[in-house]
Amino acid sequence: MIQYERILIRYGEISTKGKNRHRFIDQLKRNIKQSLSGLSPVHIEAGRDRMHLVLENHSEAEQVLKRIEPIFGIQSFSPVVKTSKDLDEIKSASTVLVAELVDGPTTFKIAARRADKSFPLETNELNREVGSHVMQTVDQLIIEMKKPTIELTVEVREEGVYLSAETIQGAGGMPIGTGNKAVLMLSGGLDSPVAGYYMLKRGVQIEAIHFHSPPYTSVQAKEKVMRLASKLACFSGMVRLHIVPFTAIQQAIHQQVPENYTMTSTRRMMLKIADQIVEKIGARAIITGESLGQVASQTLESMQAINAVTSTPVLRPLIAMDKTDIIEVAKKIDTYDVSILPYEDCCTIFTPTAPKTKPKLEKVAFYESFLDFDTMITEAVEGVEVIDLTPDSVDQKKDDELSHLF
Amino acid sequence: MIYLDNSATTRPYEEVLSSFLTVSQEFFGNPSSLHQLGEKASSLLEKSREQAASILEVDREEILFTSGGTESNNLAIKGIARANRHRGNHIITTAVEHPSVYNAVLQLKDEGFDITILPVDRNGMIDTEYLKNALTQKTILVSIMHVNNEVGTVQPIKEAGAIIKEYSRAFFHVDHIQGFGKVPLNIRQAKIDLLSLSAHKFHGLKGTGLLFIKKGLLLREELAGGDQEAAKRSGTENVAGIVSMAKAMRMTVEQAHRIPALSALRQQLIKTLTSHKKVTLVSPMENGAPHIICVSVPGLRGEVIVQALQKESIYLSTTSACSSKKQTISRTIEAMACPSPTGKGSVRISFSLSTTAKEIEMLMEAWNRTILPLMEVIKSS
């Protein structure tokens, strides 16, 4: 078993930022530290384009690597082994590192760097010595200078030699928190979690809003949304979920508004409520999972009529995406299996048989003018139930309760 | 009581029974129901699937729950053959398979499939060179058991998998029912496409089993119905049985450290039994599974030995339980081409992971006391 001493992290996109660089790096540092909660502390040395995580407990390397994988703002990362400056030790550690990664014919290259000029071998000699040793001891290696599968880096510094052979793809994007905060309309369907994921990836912190209409919508529907929020928390550590009691408003809409306009009106009320929550928590935008043309509410005419209730930016990261592509991402971020559970949410239950695909703003505003929706909206916002969800908060509860059966 | 018929069935673990009882009493909902009881049952089902998958080191959507080994084997063989007939109609299996494989293949023969039965040597082993030559462009399925249920021969599954995948487009099914927990097998490394398990062979309950099906495989379902188990196996899921199987799997693999001790017991027992010149070993001497010994006493019928030891509260079996009530010589032993009187006199002693040295000692003591005198009167031919 190889004992990794540190992990090298390459930033990717944030290293192109100018004056804000520090803010980005500090946020990434905080996010990494937060994700490692429960493990032994690590020391972080942050540089311009890369940072080193120095592990206190070397046996935790595997867990640390796992937790780093979903963190945004990381282009790639590599586990690093430290050896003394003894050439034989460098050779044998290199062999072990490379051999671990070989499964069938594999392309290989060595890249040595001598930062410590007092080291007797210069870069080329080091490349030759260590490279030829590895080639001789490990089977099935093919030398390849351009884009090899394994690039063994050997870095000689004053305090010792750092070796790494594996480069693991990071999650990309930007550190969460660098892009301020937005609310996500989380329905329970396939699209909204994916929209949330994309915004998280751009560094935006997210609080989710869900509209709950008991008894039309079930406890399971609410739990389903909690599970989705919990899945998104895998990327951000925690997602706060606002559950809005929506029954009264939906009933009022159905009594007051002609059937083909109820959907438009419902969306407008939802957006109004979201807007108030935005204000309350100091967020800057509203995120939805809308994708153009997917359903009646997602035509440009509909969006215009719905969007008219707010001047807060409404971000629609999926607007130009095909359903099949959205499904693919949902599978990747592990929300797919939860999203396809069959519990109805408040949108599907009150769906009119023939909703307007081209609603007129004046008409919908006219229909709504007969009722005091503002009071109902204030009441709904006051009645919001807030739940904080972490990656394992939902499943954990069930696990504890039933684990004795397994 | 000394129970040494563990290849026929095992005694369920206490903890397994307790899970079965709790789930049956408290979480009796139908996993397809939308209410909370149903949801709970469904989450238990999925958690079982996850645990089974992680123990077998495969993905959870590759696990299908069945009613046991026979169903798993039938579904694997007929399901693959019937769904992939357009790719070819040739099937290969071995002469020493369990009847649930062997007879399923014979059914397919009646449906017009071409069948090749691989012969075995005196140790019950197939010849992988023979397998290689038997593979054709038309071969769609090869079914080979991992551990033989009657004599304990361990087939070279990994090597067979490599050959099948290199020389054909056939799918590879492995009956791992006797091997699970006793002889480790890595599904991915051995390039296995389908693998059968039965819970009651590893201290779970009868009526539960599973089939591993590699992702993306086309399989024709056998049962028409409500499309449970990804539409591959209809019928309301036996949640209590499935949960207890997942538990039995975990408890069994946690006992893996007992395997070397079992092998040592086996070697020792073989040595003592065969020190008598009238006893011959049917099982392979080397490389047999650590828990199965088949010996024969020519001239003495197997059931005589079984009855005599039963009086001493020791339970073992004549060859496999499935064929032991038929008076014929076991197909496996016949295929191994043992001298003919050998088959009729064979008995099988099969350990569990908790069989102790003390129990084997008591078996030997009873054997010497009751079986040796019976052997005295055999006429040497």
Side-chain angles (χ1 to χ4, degrees), chain A residues 62-63 66 100-105 139-140 188-189 212-228 230-231 234 327-328 330-346 348-349 391-406, chain B residues 13-29 31-55 59-61 162 165-166 188-189 191 204 215 230 239-254:
Chain A
E62 203 147 309
Q63 284 160 279
K66 268 236 155 62
E100 185 111 320
L101 300 175
V102 174
D103 181 22
D139 285 338
Q140 297 195 294
H212 189 39
S213 298
Y216 302 108
T217 59
S218 63
V219 185
Q220 285 101 311
K222 183 172 147 186
E223 276 175 3
K224 174 182 172 185
V225 170
M226 287 167 63
R227 281 168 74 180
L228 288 174
S230 158
K231 291 281 181 196
C234 294
I327 287 174
E328 211 155 284
K331 284 182 177 165
K332 195 181 86 182
I333 63 172
D334 204 24
T335 55
Y336 179 81
D337 288 343
V338 184
S339 286
I340 59 169
L341 292 173
Y343 314 117
E344 295 199 84
D345 61 34
C346 59
T348 49
I349 278 179
D392 46 25
S393 51
V394 179
D395 288 336
Q396 196 72 48
K397 206 179 86 201
K398 270 191 195 137
D399 279 2
D400 292 347
E401 196 185 338
L402 301 174
S403 62
H404 69 279
L405 293 171
F406 294 89
Chain B
Y13 287 134
E14 290 282 339
E15 295 87 338
V16 164
L17 286 170
S18 117
S19 281
F20 184 84
L21 202 63
T22 310
V23 177
S24 301
Q25 284 173 332
E26 291 174 31
F27 308 109
F28 59 87
S32 299
S33 294
L34 284 182
H35 48 67
Q36 273 171 310
L37 271 180
E39 204 207 359
K40 193 126 255 176
S42 154
S43 86
L44 285 172
L45 182 66
E46 292 318 310
K47 201 161 158 29
S48 306
R49 200 184 307 280
E50 212 166 297
Q51 180 154 320
S54 101
I55 288 170
D59 295 336
R60 76 192 154 142
E61 60 265 47
K165 293 301 164 183
E166 188 175 344
R188 301 278 190 233
Q189 279 172 13
K191 301 186 163 57
K215 239 178 290 182
V239 180
I242 289 166
V243 169
S244 46
M245 170 164 64
K247 192 181 220 178
M249 282 178 86
R250 173 182 64 75
M251 291 181 66
T252 299
V253 292
E254 280 171 8

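A note on names: the letters A, B, ... follow the listed sequences, proteins ahead of strands, and every chain is numbered from 1. Just so it is clear, the values below take in all heavy atoms, side chains as well, and ignore hydrogens, waters and symmetry mates.
Cation-pi geometry between Lys47(B) and Phe406(A) is met: the NZ or CZ atom falls under 6.0 Å from the ring centre, inside 45° of the normal.
Between Arg250(B) and Glu254(B) there is a salt bridge, since a side-chain N of the basic residue sits under 4.0 Å from a carboxylate O of the acidic one.
Neither the backbone nor the side chain of Asp103(A) comes within contact range of chain B; no heavy atom of the residue lies under 4.5 Å from a heavy atom of that chain. When heavy atoms are compared at a cutoff of 4.5 Å, Phe20(B) does not approach chain A at all. Looking at Ser244(B), neither its backbone nor its side chain comes within 4.5 Å of chain A, counting heavy atoms on both sides. Looking at Gln36(B), both its backbone and its side chain come within 4.5 Å of chain A, counting heavy atoms on both sides.
Counting heavy-atom neighbours within 6.0 Å of Gln140(A) CD, excluding the residue itself, gives a total above 12. More than 12 heavy atoms of other residues, nucleotides or ligands lie within 6.0 Å of CZ in Arg188(B), so this atom counts as buried by the packing criterion.
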Checking Lys331(A) against Glu328(A) for the salt bridge (Lys or Arg N to Asp or Glu O under 4.0 Å) test, could you report, in this order, the C-alpha distance in whole Å, the side-chain angles of both residues, the deciding distance, and whether it holds? CA-CA 5 Å; Lys331(A) 284 182 177 165; Glu328(A) 211 155 284; over 6 Å; no
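Between chain A and the options Val23(B), Thr22(B), Leu44(B), heavy-atom pairs under 4.5 Å are most frequent for Leu44(B).
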